Amino acid sequence: MKAKVVADLHLLEEYGNLAREPLSKELDDGIFEVRTIEGSDIVRILYFFDKDRLVIATNGFVKKQQKTPKKEIDLAKRRRDDYFRRKEAGTYE
């Protein structure tokens with residue numbers, strides 16, 4: 001599974017914001033997910049773009065239900081906000 005996740009992240013790196021389903025899907029407000037499927041297991045990695053070309057992964061999880069949990073999307077949004085706040089301030093701690 002790890003190798004498939006890495007391979008899918010390389011595809012995301014190659015296609016960037018042109019990536020579409022089944023590899024990538026926009027969830028909400030600029031938060032996307034890359035999906036890796038092996039058998040009945042599905043790994044989701046949430047991410048966003050910085051200037052439409054830099055992919056910033058925020059969190060990942062094994063999906064156990066049909067709908068992506070709101071708490072995972074909220075976590076990605078908080079991390080995105082923190083990223084841009086620190087970027088603007090010039091600090092990366």
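Here, residue 1 is the first one in the sequence, and each next residue gets the next number. Here the structure is a predicted model, which is why all the values come from computation and not from measurement. Note: hydrogens, waters and symmetry copies are ignored here, and every other heavy atom, side chains too, is used.
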Inset, instruction - Could you note down all residue pairs passing ring-ring contact (aromatic ring centres under 6.0 Å, His included) where residues 54-82 supplies at least one of them, sequence neighbours left out? - result: none

Inset, instruction - Nearest 0.5 Å please: distance from the CD1 atom of I31 over to the CD1 atom of I56. - result: 11.0 Å

Inset, instruction - Output yes when D29 and R80 qualify as a salt bridge under the 4.0 Å nitrogen-oxygen rule, no when they do not. - result: yes

Legend entry - Residue of the set L9, V5, V6, V62 for which side chain to side chain contact (heavy atoms under 4.5 Å, CB included) holds with T36: V5

Legend entry - Spatial distance of atom NZ (K77) from atom OG1 (T58) [nearest 0.5 Å]: 11.5 Å

Inset, instruction - May I ask you to say whether R85 pairs ionically with D82, meaning some side-chain N is under 4.0 Å from a carboxylate O? - result: yes

Legend entry - Single-linkage hydrophobic cluster F84~F32, side-chain heavy atoms < 4.5 angstrom: no

Legend entry - Which residues share a salt bridge (Lys or Arg N to Asp or Glu O under 4.0 Å) with D41, sequence neighbours left out: none

Inset, instruction - Answer yes or no: is there a side-chain heavy-atom contact under 4.5 Å between D8 and L23? - result: yes

Extract all donor-acceptor atom pairs below 3.5 Å that involve side chains of residues 43-50 and protein atoms in other chains or at least two apart in sequence.
from: R44; atom 1: NH1; to: E33; atom 2: OE1; distance (Å): 3.4
from: R44; atom 1: NH1; to: E33; atom 2: OE2; distance (Å): 2.5
from: Y47; atom 1: OH; to: S24; atom 2: OG; distance (Å): 2.4
from: D50; atom 1: OD1; to: K87; atom 2: NZ; distance (Å): 3.1
from: D50; atom 1: OD2; to: Y83; atom 2: OH; distance (Å): 2.5
from: D50; atom 1: OD2; to: K87; atom 2: NZ; distance (Å): 2.7

Legend entry - Value rounded to 0.5 Å, distance of CG in L11 from NZ in K4: 11.5 Å

Legend entry - ring pair (Phe, Tyr, Trp, His ring centres under 6.0 Å) partners of Y15, counting only residues at least two apart: none

Inset, instruction - With rounding to the nearest 0.5 Å, note down the distance linking CD1 in I73 to NZ in K70. - result: 7.5 Å

Legend entry - Heavy-atom donor-acceptor pair, E26 side chain to G30 backbone, under 3.5 Å: yes

Inset, instruction - Is it possible for you to say whether V34 and I42 belong to one hydrophobic cluster, with membership spreading through side-chain heavy-atom contacts below 4.5 Å? - result: no

Inset, instruction - Would you please name every residue forming a side-chain hydrogen bond (donor to acceptor under 3.5 Å, both in side chains) with R20, sequence neighbours left out? - result: none

Legend entry - Under the salt bridge (Lys or Arg N to Asp or Glu O under 4.0 Å) test, residues paired with E88 that sit two or more places apart: none

Legend entry - Nearest-0.5 Å distance, CG of residue N59 to CG of residue L75: 4.5 Å

